Amino acid sequence: MKILFVCLGNICRSPTAEAVFRAVLAREAPGLGIQVDSAGTAGYHIGEPPDPRTRQAALRRGYDLSSLRARIVELSDFERFDLILAMDGENLAVLKRRAPRDFARKVRLFLEFAPELGVADVPDPYYGGPNGFEEVLDLVEEAAHGLLRHVREHAADPAAP
Ligand code: 4NP
């Protein structure tokens, strides 16, 4: 199974989700064989490592994002990945527009997997204060556990509702 996390720039939210979900898998479900990646709907930062504020906040919780590099979502991603998880409603709308019709059902909001939060979007921290980076981590950590529960229950068809 392959899961892609998507935000706008691929330097704050989606690399955080990639690293957190990978850590949850390593700790709680090693051997499940899930591949994880991230990308952005925009190409402003292609080839760059995650934002320094994102890297620092993540490292304080034990996630090392230093090897990640930003890339843009490609058409082939819609075929290659089994689940494509948008960080906010705007990312979702862009992905739905770009997705070939056969693959549109793979595109979902990441926070669907944490309905107890009552929040739809992981807010973009890029133009906000330092607390925004902690908020991203709080939301992403919660949803990563919900996503693991979902993929365990729907291994045969991860895009199932
Ligand atoms: P991200 O945050 O989508 O969580 O990676 C952003 C990073 C950069 C920009 C916007 C959002 N930007 O406009 O450059």
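We count ligands from 1, going down the list as the structure has it; atoms in each ligand are counted the same way. What you see is a predicted model; the values in this text were computed from it and never measured. Values below: all heavy atoms of this structure, side chains included; hydrogens, waters and symmetry mates excluded.
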Query raised in the report: Below 4.5 Å, heavy atoms only, C-beta onward: do H45 and Y126 meet side chain to side chain?
Result: yes

Query - Contact atoms of ligand 1, heavy-atom distance to Y44 under 4.0 Å - result: 12 (N), 13 (O), 14 (O)

Query raised in the report: How far does CG of D82 sit from NZ of K106, to the nearest 0.5 angstrom?
Result: 6.0 Å

**Report entry** ligand 1 atoms in contact with C12 (distance to a heavy atom under 4.0 Å)
**Finding:** 1 (P), 2 (O), 4 (O), 5 (O)

Query - Within reach of ligand 1, part of V136 (heavy-atom separation under 4.0 Å) - result: neither

Requested in this report: Report the nearest protein non-hydrogen atom to atom 14 (O) of ligand 1: residue, atom name, distance rounded to 0.1 Å.
Outcome: H45 NE2, 2.7 Å

Report summary line: The closest protein heavy-atom partner of atom 1 (P) of ligand 1 is C7 SG, 3.5 Å

Query raised in the report: Which ligand 1 atoms does Y127 reach within 4.0 Å, using its non-hydrogen atoms?
Result: 12 (N), 13 (O)

Requested in this report: Using a strict 4.0 Å cut-off to heavy atoms of N10, name the atoms of ligand 1 that fall inside it.
Outcome: 5 (O)

Query raised in the report: Below 4.5 Å, heavy atoms only, C-beta onward: do Y63 and L137 meet side chain to side chain?
Result: yes

Requested in this report: Could you tell me whether the side chain of R108 and the main chain of L83 form a donor-acceptor pair under 3.5 Å?
Outcome: no

**Report entry** For atom 9 (C) of ligand 1, the protein heavy atom that lies nearest, with its residue and separation
**Finding:** Y126 CD2, 3.6 Å

**Report entry** Per-atom contacts, ligand 1 versus G9 - under 4.0 Å to a heavy atom
**Finding:** 1 (P), 3 (O), 5 (O)

Query raised in the report: Counting each atom of ligand 1 from 1 as listed, which ones have a heavy atom of L8 under 4.0 Å away?
Result: 3 (O), 10 (C), 11 (C)

Requested in this report: Test salt bridge (Lys or Arg N to Asp or Glu O under 4.0 Å) on R60 and E134 and set out the steps.
Outcome: CA-CA 10 Å; R60 282 197 294 272; E134 297 301 329; 3.0 Å; yes

**Report entry** Exercise: identify the closest heavy-atom pair between P49 and R69
**Finding:** CB-NH1, 3.5 Å

Query - Part of D124 within contact of ligand 1 (heavy atoms, under 4.0 Å) - result: side chain

